[in-house]
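Scroll down for the structure; my scribbles are underneath it.
Source: prediction; values computed, not measured.
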Amino acid sequence: NMALGRTPANYLIKSTFISTNKLNFLPTCSHIQHMNYAKPLLAGMKKGAKKGGKLGPAAEKVILPVETDPVKLVTYCCGSDSTLENPQDIKLGEDSEYPDWLWTLRTGKAPPLEEMDPETKQYWIKLRRMKMWENNKLASLKKF
């Protein structure tokens with residue numbers, strides 16, 4: 001049927017009209033599901049375009065200035081002001097001026113699952129992520 005240019009839905013409706021010999025017959029189904037297969041990504045590109053060419057407008061890279069003065073790096077929080085015109089970085093204070101909890105924050109790697117509390121959302125997110133990683137690893141090994 002597909003070779004003749006007829007979709008299964010059109011063929012079904014036409015055969016129903018022909019078999020009933022009624023011109024006012026309407027099917028009871030309000031919509032018929034069609035198989036819409038995915039098209040290749042580059043199918044819509046022009047013939048003259050290169051295969052694997054850019055699909056959108058080119059994005060320009062923004063080059064940010066990097067502070068190299070060691071005195072300024074030690075006394076200011078460089079990059080804390082995101083305004084483009086006349087940025088004013090925040091001056092760092094003495095350690096005693098900051099709250100105590102600031103010095104207890106974990107800045108290294110995430111804690112292992114054994115050290116996490118099972119009553120927290122972070123525990124279950126990490127457990128799910130680890131299980132998905134394991135399943136993906138096993139699936140990739142089964143291919144060989």
Indicate if [X] and [Y] have the same hydrophobic cluster label, given that clusters are the connected sets of ILVMFWY residues with side-chain heavy-atom separations under 4.5 angstrom.
X: Y98; Y: W101; value: yes
X: L92; Y: L105; value: yes
X: L113; Y: I125; value: no
X: L127; Y: M116; value: yes

Do you know the tightest heavy-atom contact between [X] and [Y]?
X: K126; Y: P112; result: NZ-CA, 4.3 Å
X: I90; Y: S80; result: N-OG, 3.2 Å
X: V71; Y: T75; result: O-OG1, 2.9 Å

- In terms of heavy-atom contacts, does CG of D117 have more than 12 from other residues, nucleotides or ligands at under 6.0 Å?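 Yes - once you tally the heavy atoms of other residues, nucleotides and ligands closer than 6.0 Å, there are more than 12.
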- Might you confirm whether atom CH2 of W133 has over 12 heavy atoms from other residues, nucleotides or ligands at distances under 6.0 Å?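 It does not: W133 CH2 has 12 such atoms or fewer within range.
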- Item | Rounded distance [0.5 Å steps], CD in Q88 versus OH in Y76 |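 Q88 CD to Y76 OH: 8.5 Å, rounded to 0.5 Å.
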- Message: Under the criterion salt bridge (Lys or Arg N to Asp or Glu O under 4.0 Å), I'd like the reasoning laid out for R106 against E115: C-alpha separation, chi angles, the key distance, then a yes or no.
- Response: CA-CA 13 Å; R106 182 186 287 264; E115 290 182 14; 3.8 Å; yes
- Query: Would you say E67's side chain and D69's backbone share a donor-acceptor pair under 3.5 angstrom?
  - Reply: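 Between the backbone of D69 and the side chain of E67 there is a qualifying donor-acceptor contact (under 3.5 Å).
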- Under the side-chain contact (heavy atoms from CB on, under 4.5 Å) rule, what do D89 and K91 come out as? Steps first, then yes or no, please. CA-CA 6 Å; D89 290 328; K91 187 171 173 75; over 6 Å; no
